[in-house]
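Worksheet: one structure, shown below.
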Amino acid sequence: LVEEMRGREWEVRTASAADLVHRHLREGAGRIDALVVRQPQGDARLRDLLAEVRRDHPGLPVAARLTGQDAADLHPSVRAQIDLVLTNDLRDRDSADLLVSLLRQT
């Protein structure tokens with residue numbers, strides 16, 4: 001997905017931990033248009049991260065691709081914080097198209 005987005009000339013920053021996500025959002029040069037989270041499942045750490053992002057960056061679109069969990073199994077408190085769930089059956093090109101649509105809605 002990162003390569004697909006970069007191929008569309010988007011600047012993409014990656015982070016492997018929640019504290020790095022916060023640093024990117026806090027100190028990032030330029031405007032950040034969306035946050036895309038990729039992790040195995042919607043656990044308490046994801047719920048906490050999303051709550052902090054929503055509090056500190058209201059209006060920032062959030063998408064998530066959960067690689068080890070079906071979107072239908074997401075806890076409602078996690079699902080409520082996500083604007084777009086990218087299912088595992090989507091090709092990267094289709095996921096990028098959905099992200100574009102999400103950004104147009106905001």
Side-chain angles (χ1 to χ4, degrees):
L1 180 56
V2 168
E3 291 307 314
E4 178 69 31
M5 294 166 68
R6 286 182 175 149
R8 294 174 185 222
E9 299 184 11
W10 293 357
E11 179 182 341
V12 178
R13 299 179 199 159
T14 61
S16 58
D19 61 326
L20 296 173
V21 171
H22 290 298
R23 185 179 310 150
H24 278 306
L25 291 171
R26 185 177 56 250
E27 300 171 0
R31 189 174 130 204
I32 296 178
D33 295 317
L35 172 65
V36 179
V37 177
R38 180 184 176 270
Q39 73 172 51
Q41 58 188 356
D43 57 13
R45 291 181 320 169
L46 177 60
R47 183 185 63 234
D48 294 345
L49 170 66
L50 295 175
E52 291 172 19
V53 167
R54 291 296 188 196
R55 180 192 69 221
D56 298 341
H57 305 279
L60 180 68
V62 175
R65 174 173 279 169
L66 304 176
T67 59
Q69 180 178 10
D70 188 78
D73 297 331
L74 270 173
H75 191 276
S77 66
V78 175
R79 180 64 185 99
Q81 301 296 326
I82 300 171
D83 299 306
L84 173 64
V85 175
L86 301 169
T87 58
N88 290 318
D89 62 333
L90 288 172
R91 294 178 302 180
D92 291 338
R93 182 180 70 210
D94 296 329
S95 293
D97 289 343
L98 289 169
L99 286 168
V100 169
S101 294
L102 175 63
L103 292 172
R104 286 183 180 148
Q105 294 173 14
T106 59

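Numbers for residues simply follow the sequence, beginning at 1. This is a predicted model, so every value here is computed, not measured.
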Exercise for the section: Given side chain to side chain contact (heavy atoms under 4.5 Å, CB included), test His22 with Leu49 step by step and report yes or no. Expected result: CA-CA 9 Å; His22 290 298; Leu49 170 66; 3.6 Å; yes
Exercise for the section: Decide side chain to side chain contact (heavy atoms under 4.5 Å, CB included) for Val85 and Arg79; before the verdict, give the C-alpha distance in whole Å, the side-chain angles of both, and the deciding distance to 0.1 Å. Expected result: CA-CA 8 Å; Val85 175; Arg79 180 64 185 99; 3.6 Å; yes
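Cluster note: Leu102 groups with Leu1, Val2, Met5, Trp10, Val12, Val36, Leu84, Leu86, Leu90, Leu98, Leu99, Val100 through ILVMFWY side-chain heavy atoms spaced under 4.5 Å, whether in direct contact or through intervening members. If you chain together ILVMFWY residues whose side-chain heavy atoms come under 4.5 Å of each other, Leu103 ends up in a group of its own.
The residue from Val37, Asp33, Ile32 that alone fulfils the side chain to side chain contact (heavy atoms under 4.5 Å, CB included) condition with Leu35 is Val37.
Interatomic distance, Gln39 CD to Leu66 CG, rounded to the nearest 0.5 Å: 6.5 Å.
Between Arg54 and Asp83, at least one side-chain nitrogen of the basic residue sits less than 4.0 Å from a carboxylate oxygen of the acidic one, meeting the salt-bridge criterion.
Around the CZ atom of Arg38, the shell of radius 6.0 Å holds no more than 12 heavy atoms that belong to other residues, nucleotides or ligands. Shown here is Arg8, whose CZ atom has more than 12 heavy atoms of other residues, nucleotides or ligands within 6.0 Å. For CZ of Arg55, the number of neighbouring non-hydrogen atoms (other residues, nucleotides, ligands) closer than 6.0 Å is greater than 12.
At a threshold of 4.5 Å between non-hydrogen side-chain atoms, the residues Ser95 and Glu4 do not count as touching. Using a 4.5 Å cut-off on side-chain heavy atoms (C-beta onward), His75 and Leu46 make no contact.
The nearest pair of heavy atoms linking Leu74 to Val78 is CD2-CG1, 3.8 Å. Of all the heavy atoms in Ala15 and Leu20, the pair that sits closest is CB-CB, 3.6 Å. In terms of heavy atoms, Asp92 sits closest to Arg65 at OD1-NH1, 3.3 Å.
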